Amino acid sequence: MNYWLMKSEPDEASILDLQRAGTLPWTGVRNYQARNFMRDAMRIGDGVLFYHSSCPQPGIAGLAEVASAAYPDATQFDPANPYHDPKSDPASPRWLHVDVRWRETTRLLSLKELRGAPELATLRVLEKGSRLSITPVTSDEWRAVLARLHAASAAG
DNA sequence: GCCAACGTTGGC
DNA sequence: GCCAACGTTGGC
């Protein structure tokens, strides 16, 4: 079992959108490292920290899980799609994605709170200049996030 | 294979 | 809107 943090802009797909849909295809990844995580390391059932980025309140907004193996991202072949990639060969698709299933909508664990939590200081997403939309999370980090989210008080 | 230019990300 | 940081591109 592996764990991941996956960024999404809530304008495009928020945790509530995922809750309503149940399962969503995680399309639009156009970064090789992120693609390789999905292709090579993700397994069905892996835990996902759902992170809202590029928004007024960035932070972890819920929990999800990997719901499929990686498969070709259809948006890369659609000229009308913002994620269209004219260089991708349909015979050998460059971009893949997994499906993600909603598990829980939590309180917002803000970026500010993440930065202030000593037990979460190792989170990749907190590294200076970190831009990867998908990053691995250790089991210790996963447990520490859940402990915070499920604590009786939302303070901190 | 180098590396400067360029485009994107994402918090503020 | 700003801008630091980063990844990709393409000329050489």
Side-chain angles (χ1 to χ4, degrees), chain A residues 2-21 24-42 46-66 70-100 102-138 141-142 144-149 151 154-156:
Chain A
N2 291 316
Y3 303 98
W4 308 92
L5 183 144
M6 298 174 79
K7 294 181 189 175
S8 180
E9 301 187 14
D11 285 350
E12 292 199 4
S14 71
I15 187 69
L16 291 176
D17 293 328
L18 183 63
Q19 179 169 2
R20 278 190 286 268
L24 286 175
W26 203 267
T27 55
V29 171
R30 296 295 181 265
N31 171 282
Y32 289 103
Q33 238 184 305
R35 179 205 65 183
N36 293 349
F37 282 139
M38 291 194 287
R39 185 189 61 190
D40 303 331
M42 277 191 183
D46 281 0
V48 172
L49 302 176
F50 191 107
Y51 182 94
H52 284 174
S53 69
S54 293
C55 60
Q57 300 256 5
I60 293 168
L63 306 177
E65 65 187 29
V66 175
Y71 62 102
D73 181 342
T75 63
Q76 70 196 303
F77 302 122
D78 177 2
N81 193 285
Y83 296 110
H84 179 231
D85 182 355
K87 294 179 183 170
S88 182
D89 175 5
S92 176
R94 179 181 295 193
W95 303 114
L96 309 172
H97 66 83
V98 297
D99 293 341
V100 170
W102 177 83
R103 226 191 246 177
E104 185 179 339
T105 299
T106 65
R107 75 175 176 91
L108 186 81
L109 213 174
S110 69
L111 178 58
K112 186 179 173 190
E113 180 176 350
L114 292 174
R115 290 201 187 283
E119 76 277 18
L120 295 175
T122 55
L123 272 178
R124 291 270 298 268
V125 76
L126 301 182
E127 285 176 11
K128 183 175 180 164
S130 165
R131 288 183 2 189
L132 258 188
S133 62
I134 299 175
T135 49
V137 169
T138 68
E141 290 163 349
W142 174 267
V145 167
L146 264 58
R148 264 184 188 267
L149 287 174

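The structure presented is a predicted model; accordingly, all values stated were derived computationally and were not measured. Each chain gets a letter, A, B and so on, in the order the sequences are listed, and its residues count up from 1.
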| request: Quick one: list whatever passes ring pair (Phe, Tyr, Trp, His ring centres under 6.0 Å) with A/Y32, sequence neighbours left out. | output: A/W95
| message | Holding to ring pair (Phe, Tyr, Trp, His ring centres under 6.0 Å), I want the full list of residues that pass it with A/Y51, two or more places apart in sequence or in another chain. | response | none
| task | State whether a side-chain donor-acceptor pair under 3.5 Å links A/Q76 with A/S88. | result | yes
| said: Under 3.5 Å, is there a donor on one side chain and an acceptor on the other for A/T75 and A/R30? | reply: yes
| message | Please list, in numerical order, the residues of residues 46-55 of chain A that have a heavy atom closer than 4.0 Å to any atom of DNA chain B. | response | A/Y51, A/S53, A/S54
| request: Residues of residues 87-94 of chain A with any non-hydrogen atom less than 4.0 angstrom from an atom of DNA chain C: list those, numerically ordered, please. | output: A/K87
| Is there a donor in the side chain of A/D78 and an acceptor in the side chain of A/Y83, or the other way round, less than 3.5 Å apart? | no
| task | Count the heavy atoms of every other residue, nucleotide or ligand shown that sit under 6.0 Å from CD of A/Q57, and state whether that count exceeds 12. | result | no
| query | On DNA chain C, which is the earliest and which the latest nucleotide, 5' to 3', with an atom closer than 4.0 Å to a heavy atom of chain A? | reply | C/dA5 to C/dG10
| request: Apply ring pair (Phe, Tyr, Trp, His ring centres under 6.0 Å) to A/F37 and list each qualifying residue two or more places apart in sequence or on a separate chain. | output: A/W4
| field | Pair A/Y71 and A/H97, ring centroids less than 6.0 Å apart | value | yes
| query | Does a side-chain N-to-carboxylate-O contact under 4.0 Å join A/E113 and A/R148? | reply | yes
| message | Looking at A/R94 and A/D89, is any side-chain nitrogen of the basic one under 4.0 Å from a carboxylate oxygen of the acidic one? | response | no
